[in-house]
Amino acid sequence: MISFLARVAALIASALVASAAPAPAAPPLKVLHAAFLIAETNFDPAATSDLYSNAIIEEILEPPLTYDFLARPAKLKPLTAEALPEITDGGRTYTLRIRKGIYFADDPAFDGRKRELTAKDYEFAFKRLIDPKLRSPNLWLIEGLAGVKEAEAKASREGRFDYDAPIAGIEVLDRYTLRFHLVKPDYTFVYVLAMETVGAQAREVAERYGDDIGAHPVGTGPFRLAEWKRSSRIVLEKNPNFRELYYEAEPPADDPLSQQLYAEMKGKRLPCVDRVEVSIIEESQPRWLAFLGGEIDWVNLPYEFESMGLPNRELAPWLAKRGVRYMPDLDASVTYLYFNMKDATVGGYTPEKVALRRAISLAYNTGEEVNLLRSGTALEAQMLPAPGVIGYDPDFNLGATYDPARAKALLDMYGYVDRNGDGWRDMPDGSPLVFRYAATPSQLDRQFTELWKKDMDAVGIRMVAEVAKWPDLRKKSKAGLLQTWALGWNADYPDAMDFYQLLYGPNCGVSNDGCFQLPEFDALYDQASHMKQGPERAAVFRKMDRIVAAYAPLKLGTYRKRDELVQPWILGWRKHPILHESFEYADIDLARRAAAGR
């Protein structure tokens with residue numbers, strides 16, 4: 001009996017020791033570090049349209065379609081949809097079927113239940129763009145749908161948008177099927193279905209958070225918002241409810257880099273990283289130093305450090321030795337300075353106003369901007385659409401774009417002369433001529449301001465800089481309170497229409513910040529939007545380009561080259577021409593990162 005009890009005691013003691021042993025250590029988290037150049041605004045797709053806010057929205061809310069990550073040119077593919085939409089009725093009707101078994105991230109709005117994605121969640125997302133209370137800058141994207149303008153007008157009259165009322169152009173056929181009806185044919189509408197702006201939203205979430213929904217995005221995407229310190233830090237974490245999705249892509253056969261990235265990622269379950277930490281680093285030097293110190297995982301090499309990182313346009317040997325990858329590209333984007341067409345000084349369509357805008361444009365040396373400020377990492381833009389999108393014509397040429405002598409002659413001819421002897425030109429009526437240039441306080445913007453000031457001084461135009469943080473300038477711009485502002489437009493979709501809409505009259509106050517409104521241009525825009533790709537459509541585009549050149553509603557800037565540097569421990573990632581940051585397509589080699597001491 002004693003020996004039996006002793007054995008039992010020994011077994012119990014052994015079990016206690018085993019239970020007290022430490023559990024195996026959890027594998028380290030894969031944490032991706034990124035930096036934004038400009039602060040976000042919020043994460044409500046109905047309320048914001050800036051690049052950096054949309055980059056986060058895209059990781060959380062899912063549209064029905066997306067793009068193949070490696071295919072070039074950009075190629076659409078299904079995301080939450082079962083397949084690409086069926087397009088019938090000569091481009092007027094789009095039918096879309098949503099996959100079953102996709103779930104939103106958990107949120108208190110769902111009262112502890114799993115919430116499946118349905119067609120009505122897309123209907124709700126579209127309707128939020130129409131609600132006048134939200135004053136969405138993205139309404140222009142869906143105004144071609146039947147009943148949208150009528151629904152907006154009715155809500156404006158009644159002071160309330162009825163989310164339960166049907167809209168002819170947004171039809172829910174069953175739990176998983178949507179049908180969109182357009183007033184006129186539009187073969188570019190398919191691209192709207194791949195924008196984060198129409199990412200699925202649950203009505204319960206919007207009703208729970210109300211006006212604060214921009215701080216509480218809840219979607220079906222690979223990540224969810226874990227932390228947000230405005231204008232400072234954004235943290236995403238993997239969405240535990242994200243479905244089984246495995247990496248697949250179609251890299252070009254003649255692109256060794258894409259082939260290598262595909263080999264690194266093929267078959268992996270997405271997302272590969274557990275957490276993404278985004279810092280807002282507006283100034284170039286600390287952003288560059290953060291990359292060199294391993295604190296961020298990729299960087300578009302700032303212009304000021306081109307000679308250090310890419311001497312002779314090749315990766316510096318000291319960076320190559322560290323295993324840094326160099327990924328050159330040309331962004332599907334354009335920079336430009338718009339003129340406020342309602343401004344008393346630079347606005348208007350009369351000959352003397354056109355002459356003033358053309359003179360200001362001719363007085364500015366874009367070539368100097370390219371070579372000095374951008375260190376050769378850009379091409380001077382000849383037309384509004386960027387390279388890489390349908391409708392771009394590499395043979396279109398504006399002729400001489402920098403001609404200060406011609407600028408002076410135009411100013412003299414139309415009465416912009418110095419009438420009081422103070423050395424500055426005046427308006428034809430004798431009032432002061434003041435060119436107001438909006439800029440942020442960043443070091444790079446200060447350099448742009450200095451270049452503009454030098455060139456305006458050279459032709460006798462007094463220039464005043466209006467300096468404020470980017471979000472503040474954006475608010476003023478949308479309210480029509482800026483005379484001019486230099487902006488960049490990144491393609492929402494790979495078609496020229498996405499660029500021409502920046503000058504489409506009905507978009508005044510939305511994406512058309514300068515409020516250029518010319519019936520001839522608008523008619524051509526409407527005509528092109530109803531045409532299939534081909535020579536006839538291209539001919540319409542060229543007419544639009546000539547109108548832009550003639551009326552000078554904006555000063556075209558550059559097409560920006562991208563000199564992306566990526567840390568050696570990052571796998572699979574490169575910048576996509578349309579998608580934003582694409583964090584879900586990156587992986588981290590933890591062993592290599594640890595070996596680098598990061």
Side-chain angles (χ1 to χ4, degrees), residues 34-39 50-52 55 279-293 295-320 322 324-337 364-382 386-388 401-402 437-455 465 467 469-470 473 484-491 555-567 574-575 577 580-581:
F36 287 173
L37 285 65
I38 296 173
D50 66 277
L51 174 66
Y52 297 101
S279 302
I280 313 303
I281 309 178
E282 296 179 347
E283 294 291 350
S284 300
Q285 184 179 43
R287 194 165 59 252
W288 174 232
L289 293 176
F291 177 77
L292 295 182
E295 297 169 29
I296 57 176
D297 290 321
W298 55 70
V299 67
N300 186 16
L301 183 61
Y303 307 129
E304 305 95 304
F305 302 102
E306 283 285 328
S307 61
M308 180 186 299
L310 294 172
N312 302 315
R313 301 299 300 161
E314 294 183 358
L315 186 65
W318 62 277
L319 288 173
R322 292 171 59 168
V324 170
R325 285 178 173 177
Y326 171 41
M327 300 183 182
D329 214 335
L330 185 64
D331 281 343
S333 68
V334 65
T335 67
Y336 61 94
L337 178 134
Y364 180 71
N365 192 344
T366 304
E368 193 171 5
E369 171 190 321
V370 169
N371 293 317
L372 295 182
L373 302 190
R374 298 188 184 274
S375 301
T377 63
L379 303 173
E380 183 171 359
Q382 297 292 322
T401 58
Y402 173 60
Y437 178 83
T440 73
S442 72
Q443 176 64 30
L444 183 60
D445 256 15
R446 286 195 291 272
Q447 293 175 353
F448 276 92
T449 302
E450 290 170 3
L451 180 56
W452 270 97
K453 179 72 167 60
K454 176 176 72 72
D455 289 345
V467 179
K469 287 282 191 177
W470 196 92
L473 290 176
T484 67
W485 194 17
L487 292 171
W489 184 262
N490 295 273
K555 162 65 174 173
L556 286 172
T558 64
Y559 305 130
R560 292 172 291 192
K561 295 179 182 178
R562 175 171 289 274
D563 289 324
E564 204 79 47
L565 302 184
V566 182
Q567 299 286 12
R574 76 180 303 179
K575 182 70 177 70
H580 298 300
E581 292 298 312

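Because the structure is a prediction, the values reported are computed rather than measured.
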> Closest approach of Ala381 and Val334, non-hydrogen atoms and distance?
Replying inline: CB-CG2, 3.9 Å
> Step by step, would you call Leu310 with Thr377 a side-chain contact (heavy atoms from CB on, under 4.5 Å)?
Replying inline: CA-CA 11 Å; Leu310 294 172; Thr377 63; over 6 Å; no
>> So which atom in Ala290 and which in Ile281 form the shortest heavy-atom distance, rounded to 0.1 Å?
In response: CB-CD1, 4.2 Å
> Should Arg574 and Asp329 be marked as a side-chain contact (heavy atoms from CB on, under 4.5 Å) after you check the CA-CA gap, both sets of side-chain angles, and the distance that decides it?
Replying inline: CA-CA 10 Å; Arg574 76 180 303 179; Asp329 214 335; 4.2 Å; yes
>> When you compare the side chains of Tyr559 and Asp331, does any donor N or O come within less than 3.5 Å of an acceptor on the partner?
In response: no
> Only one of Tyr437, Trp470, Tyr336, Trp452 clears ring pair (Phe, Tyr, Trp, His ring centres under 6.0 Å) with Trp485; which?
Replying inline: Trp470
> Do Leu372 and Gln447 have side chains that get closer than 4.5 Å, going by heavy atoms?
Replying inline: no
> Within a strict 4.5 Å, meaning less than it, do heavy atoms of the Asn300 and Leu37 side chains meet?
Replying inline: no
> Of Arg560, Lys561, Arg562, which is the lone residue that meets salt bridge (charged side-chain N to carboxylate O under 4.0 Å, His left out) with Glu564?
Replying inline: Arg562
> Any side-chain heavy atom of Asp455 sitting closer than 4.5 Å to one from Glu369?
Replying inline: no
> Run the side-chain contact (heavy atoms from CB on, under 4.5 Å) check on Phe291 and Gln567 step by step: do they pass?
Replying inline: CA-CA 8 Å; Phe291 177 77; Gln567 299 286 12; 3.5 Å; yes
>> Quick test of your reading of the model: are Glu306 and Arg313 salt-bridged, counting only N-O distances below 4.0 Å?
In response: yes
>> Restricting to non-hydrogen atoms, name the atom on Glu283 and the atom on Arg446 that form the minimum distance, rounded to 0.1 Å.
In response: OE2-NH2, 4.5 Å
> Between Ala439 and Thr449, which heavy-atom pair has the shortest distance, and what is it?
Replying inline: CB-OG1, 3.5 Å
> Got Thr440 and Leu473 here, is their nearest side-chain heavy-atom distance under 4.5 Å?
Replying inline: yes
> Tell me, do Trp298 and Glu581 make a side-chain contact under 4.5 Å, heavy atoms counted?
Replying inline: yes
> Looking at CG of Leu319 and CE of Met308, how far apart are the two atoms once the value is rounded to the nearest 0.5 Å?
Replying inline: 9.5 Å
